[in-house]
Protein chains: 2
Amino acid sequence: MRLNELDERIVQALAEDARRSYADIGAQVGLSAPAVKRRVDRLRAEGAITGFTVRVDPAALGWETEGYVEMFCRHNTSPRDIRHALSRYPEVASASTVTGDADALVQIFASDMRHFERVLERIAGEPFVERTKSVLVLSPLLRRYTATTPDTPA
Amino acid sequence: MRLNELDERIVQALAEDARRSYADIGAQVGLSAPAVKRRVDRLRAEGAITGFTVRVDPAALGWETEGYVEMFCRHNTSPRDIRHALSRYPEVASASTVTGDADALVQIFASDMRHFERVLERIAGEPFVERTKSVLVLSPLLRRYTATTPDTPA
DNA sequence: CGTGAAAGTAAGGTCAG
DNA sequence: CTGACCTTACTTTCACG
């Protein structure tokens, strides 16, 4: 699955605006429209591009409060356990296991502070969670592109 | 900027697949294609939808190393300064000012550890940065984004 | 908000380098 | 094997009821 520089520029163009026409993108990267399409199709088939989505302003949807929660778990907790538990929270936007003191870092969107607190308490109450430490987002500065997980880690 | 239940279903449909046709979405939510378009146009004008983008698999693009960096800045540093500085790093996927000890939390994708370290050093070398603390992502557990918008704090 | 017609865009096949 | 051209079909878009 090798991507060359042309592919990267196409992905970058799509990341900025996924609704640009192939002809438009082709003009920017120096290809014809069908050539761009063929590359995009290949990128999708290879899994480099996993889909198309919208950028949404969470506040407009009533998601006003954002925060990150560090989870400290019991020592025998597997990533799969964490993932399984967190997947039941619609408020969890992303989660990863990380190096350092904490075991996992969880990004949360809630409608307001009360909602955020409620979610936090429920997460802290999960059987494998020993404690949590959270920070609230004051203002989002940058949000560039959307990544995905096709996989289920071991 | 009020969104009703119909708008939310349209946004949800677009979040899953932003390339679905208006007719398709309309069939799902019970509207005609032009009606869906009118609502999407309005959502874009209101800022609820800020754009269309691709979901990419970072690993497939050679972005194998992911991490979060806490930035500790000088006390007179404004969010705008941070945003301006970080926007020049293509490796920065997202950044927010946060409560707690650190001033900002920055998500970074790099091609490998060496690359990550180089970016980290450059960020740490920014004039307003006093120190940084970073954690590496071991395995992504969830990435549910409906990704969101930047924009421009005071 | 739904229906129709016009324009633009995408998709597939075919050919050339 | 990769890129360009052409034709067909679809989606988007606007005017109107």
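So that the names make sense, note that chain A is the first sequence line, chain B the second, and so on, each numbered from 1. Note: hydrogens, waters and symmetry copies are ignored here, and every other heavy atom, side chains too, is used. All figures in this text were calculated on a predicted structure; none of them were measured in a lab.
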Please state how far atom [atom1] in [X] lies from atom [atom2] in [N], giving the value in whole angstrom units.
X: Arg19(A); N: dT9(C); atom1: CZ; atom2: C1'; result: 12 Å
X: Ile25(A); N: dG8(C); atom1: CD1; atom2: P; result: 19 Å
X: Asp24(B); N: dT11(D); atom1: CG; atom2: C1'; result: 11 Å
X: Phe52(B); N: dT9(C); atom1: CZ; atom2: P; result: 16 Å
X: Tyr22(B); N: dG4(C); atom1: OH; atom2: C1'; result: 19 Å
X: Arg20(A); N: dT11(D); atom1: CZ; atom2: P; result: 23 Å
X: Leu31(A); N: dC1(D); atom1: CG; atom2: C1'; result: 14 Å

Inset, instruction - Answer yes when Glu66(B) and Arg143(B) have at least one side-chain N-carboxylate O distance shorter than 4.0 Å, and no when they do not. - result: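 Judged by the 4.0 Å cut-off on N to carboxylate O distance, Glu66(B) and Arg143(B) do form a salt bridge.
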Legend entry - Residues Lys133(B), Asp101(B): salt bridge by 4.0 Å N-O rule: no
Inset, instruction - Tell me whether the guanidinium CZ or amine NZ of Arg131(A) lies under 6.0 angstrom from the six-membered ring centre of Phe72(A) and within 45° of its axis. - result: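 The answer is yes, since Arg131(A) meets both limits relative to Phe72(A).
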Legend entry - Distance below 4.0 Å between Lys37(B) side-chain N/O and dT12(D) OP1 or OP2: no
Inset, instruction - Assign Arg39(A) to base, sugar-phosphate, or nothing according to its heavy-atom contacts below 4.0 angstrom with the strands shown. - result: sugar-phosphate
Legend entry - Closest to side chain of Pro34(A), choosing from dG3(D), dC6(D), dG2(C): dC6(D)
Inset, instruction - Would you kindly compare Ser21(A) and Arg38(A) by the position of their nearest DNA chain C nucleotide and give the one closer to the 5′ end? - result: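 Result of the comparison: Ser21(A).
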Legend entry - Polar contact flag, side-chain donor to acceptor under 3.5 angstrom, Glu126(A)-Tyr89(A):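 Result is yes, a qualifying pair exists.
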